[in-house]
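Structure first, then comments.
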Amino acid sequence: MSEDSKRRHSSKVVDGIGKSAGRAMLRAVGFTDEDFKKPQIGIAPTWSMVTPCNRHIDKLADEAGAGADAAGGKSVIFNTITISDGIANGTEGMKYSLVSREIIADSVEAVTGCEGFDGLVTIGGCDKNMPGLLMGMARLDRPSVFVYGGTIEPGEGHTDIVSVFEAVGAYAKGDKSLIEVKQIEETAIPGPGSCGGMYTANTMASAIEALGMSLPNSSAQNAVSQTKAQDCRDAGAAVLDLLEKDIKPSDIMTREAFENAITIVIALGGSTNAVLHLLAMANTIGVELSLDDFTEIGKRVPVLADLRPSGHYMMSELVAIGGIQPLMKMLLDRGLLHGDCLTVTGQTLAENLASVEPYPQDQEIIHSFENPIKKDSHLRILYGNLSPTGAVAKITGKEGTRFSGTARCFQSEEEAQEKILDGTVSAGDVVVIRYEGPKGGPGMREMLSPTSAIMGRGLGNDVALITDGRFSGGSHGFVVGHVTPEAVDGGPIALLEDGDTITIDAESNRIDVDVSDEEMEKRRAKWQKPAPKYRRGALAKYAKTVNSASEGAVTDMPE
């Protein structure tokens with residue numbers, strides 16, 4: 001490929017007498033005459049002091065820029081936002097979490113489209129910024145590489161952020177003192193990096209690697225490490241190679257690649273948020289993907305990883321034995337991955353995995369196919385008269401596969417949390433938290449505080465929770481989220497009453513309420529759509545434009 005064709009976007013910004021003013025401005029930020037002849041590589045980090053997940057990413061951006069420069073490009077670093085789920089959980093502020101995914105995609109598109117970058121490196125380290133970055137890259141469809149900011153180290157006593165949430169529930173039950181909770185609070189987060197279990201951050205990093213959009217091992221490196229710094233330098237250089245070969249996200253993010261991503265999420269026992277984000281990413285790149293694809297792939301893919309929140313180990317411990325590459329090799333050899341999918345290395349997935357060594361024989365984190373954690377997927381797509389267009393459950397089997405109980409209905413997360421902590425919620429209840437969907441919340445808050453409170457109070461095996469909101473990757477127990485249609489659209493979840501019998505069956509993939517169609521229609525006739533909670537600003541715009549969680553909760557659907 002000629003140098004001019006590699007610069008098909010930046011040349012429009014800097015070439016010719018008419019662009020003299022633009023060049024003058026770029027000289028002020030460090031460009032030289034030679035730099036104007038090079039492909040421009042945008043480096044989009046999500047650096048912020050807002051959260052430990054992203055606290056170190058400014059340094060990683062510098063490494064990626066150095067890699068791009070050394071390979072013959074001209075790097076230009078620009079930042080985008082991030083928010084912290086761990087800090088905002090349980091508050092009104094959490095409504096901005098999923099909204100931030102769309103803002104991040106918009107900002108990457110806006111800056112890159114305006115400035116004429118020829119390629120991109122994006123660096124994410126928290127739940128929503130990773131799919132947001134991928135969605136921005138997909139919209140632009142220019143040679144791009146994603147870099148994961150890396151996982152955090154475990155806290156004292158093998159603790160992490162979920163340990164803190166569950167300690168609050170244990171305090172409410174009387175099992176922990178204030179001093180014990182404070183000790184966990186002070187030591188659970190020892191430094192930079194994303195939450196340490198197979199929560200949403202590590203789930204999405206793994207999915208993106210399996211998708212082919214990050215370099216091998218990018219998902220399984222500690223945040224503060226030489227391997228992560230090298231990963232960033234390599235990513236910067238890789239974009240120049242992709243430019244040379246004219247390989248774009250649309251060449252990599254194919255239907256088969258998304259099937260690979262779903263497969264690795266299941267094998268790792270990953271977060272339910274992966275369903276939402278993979279649907280959104282596929283929607284953005286123009287690949288047909290539906291809730292039912294998770295069911296079909298889940299029939300043949302077992303859960304193999306004993307990772308938190310339902311398991312024992314943390315991501316840093318998986319890093320120590322080789323990360324996800326040996327697991328991907330196991331799945332490929334078993335015929336469960338599409339090996340011919342192209343990746344950002346310029347090679348196929350099978351070529352990337354050809355020389356990967358197996359896990360050490362004495363490791364206990366990744367089980368064999370003969371001794372799986374669960375023989376099929378933990379991600380269950382449920383349908384029934386309570387969710388005609390689908391809901392998403394995370395059922396590992398440890399909590400059983402069937403729950404039948406009586407509804408205890410709440411109109412918000414805060415209302416439910418109060419009644420869980422004060423002992424109102426008791427064994428046999430199905431906690432219903434509604435009006436927390438993408439439109440109704442708005443923003444589809446994560447229910448980490450209520451699920452952690454349930455676990456902390458020792459009710460994990462005795463109480464189920466359903467919601468039109470969603471869950472943190474750290475949530476566990478008998479939980480069902482993404483119930484659609486959501487309450488604000490008049491979905492059946494809006495019509496439930498205290499005392500209704502709800503049955504969740506993860507074998508038959510059903511979620512039903514024992515109320516006749518006639519009775520539900522009577523209730524529907526009395527139901528009134530609530531007024532919007534916000535009339536101006538980002539949340540109001542989001543509520544007006546977002547589609548159903550069953551379609552990824554995206555805001556830029558074509559007419």
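Predicted model, so just to flag it, every value in this text is computed and none were measured.
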Which is it for Tyr148 and Asp231 under the side-chain hydrogen bond (donor to acceptor under 3.5 Å, both in side chains) test, yes or no, and what are the steps along the way? CA-CA 9 Å; Tyr148 180 40; Asp231 181 37; over 6 Å; no
Before you tell me yes or no, could you show the steps for Arg308 and Glu317 under salt bridge (charged side-chain N to carboxylate O under 4.0 Å, His left out), namely the whole-Å CA-CA distance, both residues' side-chain angles and the distance that decides it to 0.1 Å? CA-CA 11 Å; Arg308 290 190 179 189; Glu317 293 166 303; over 6 Å; no
Checking Leu278 against Phe294 for the side chain to side chain contact (heavy atoms under 4.5 Å, CB included) test, could you report, in this order, the C-alpha distance in whole Å, the side-chain angles of both residues, the deciding distance, and whether it holds? CA-CA 10 Å; Leu278 288 171; Phe294 289 82; 4.2 Å; yes
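One finds a salt bridge joining Glu446 and Lys128 here, because a Lys/Arg side-chain nitrogen approaches an Asp/Glu carboxylate oxygen to under 4.0 Å. Remark: Arg300 does not engage Asp376 in a salt bridge, criterion side-chain N to carboxylate O under 4.0 Å. The pair Arg434-Glu415 does not meet the salt-bridge criterion, since no charged nitrogen lies less than 4.0 angstrom from a carboxylate oxygen. Ion pairing between a basic and an acidic side chain is recognised when a charged N comes within 4.0 Å of a carboxylate O; Glu63 and Lys59 show no such pairing.
Cation-pi geometry between Arg334 and Phe369 is met: the NZ or CZ atom falls under 6.0 Å from the ring centre, inside 45° of the normal.
Put simply, the residue from Asp306, Thr396, Ile366 that forms a side-chain contact (heavy atoms from CB on, under 4.5 Å) with Ile373 is Asp306. Here the rule is side-chain contact (heavy atoms from CB on, under 4.5 Å) with Thr46, and of Asn54, Leu60, Ile81, Thr51 only Asn54 fits it.
In this structure, a donor-acceptor pair under 3.5 Å is absent between the side chains of Thr263 and Asn260. A donor and an acceptor atom, one from each side chain of Ser107 and Thr80, are located under 3.5 Å apart. Between the side chains of Thr345 and Asn352, a donor-acceptor pair is found at a separation under 3.5 Å. Checking Glu209 against Ser214 by side-chain atom types alone, no donor-acceptor pair falls below 3.5 Å. Side chains of Tyr199 and Asn273: no donor on one and acceptor on the other come within 3.5 Å. No hydrogens or angles considered: a donor-acceptor pair under 3.5 Å links the side chains of Gln230 and Asp234. Counting only N and O atoms by type, the side chains of Ser271 and Thr203 include no donor and acceptor under 3.5 Å apart. At a cut-off of 3.5 Å, with distance as the only test, a side-chain donor of Ser97 or Asp85 sits close to an acceptor on the other residue.
Between the side chain of Ser100 and the backbone N or O of Ile103, no donor-acceptor pair lies under 3.5 Å. Side chain of Ser225 to main chain of Asn222: a donor-acceptor pair is present (N/O by atom type, distance under 3.5 Å, no hydrogens or angles).
Nearest approach of Gly193 to Ala223, heavy atoms of both residues: CA-CB, 3.5 Å. In terms of heavy atoms, Thr343 sits closest to Leu349 at CG2-N, 3.8 Å.
In this pair, Phe403 and Phe478 present their aromatic rings tilted. The plane angle is within the 30 to 60° band.
Between Ile266 atom CD1 and Leu379 atom CG the span is 6.0 Å, to the nearest 0.5 Å.
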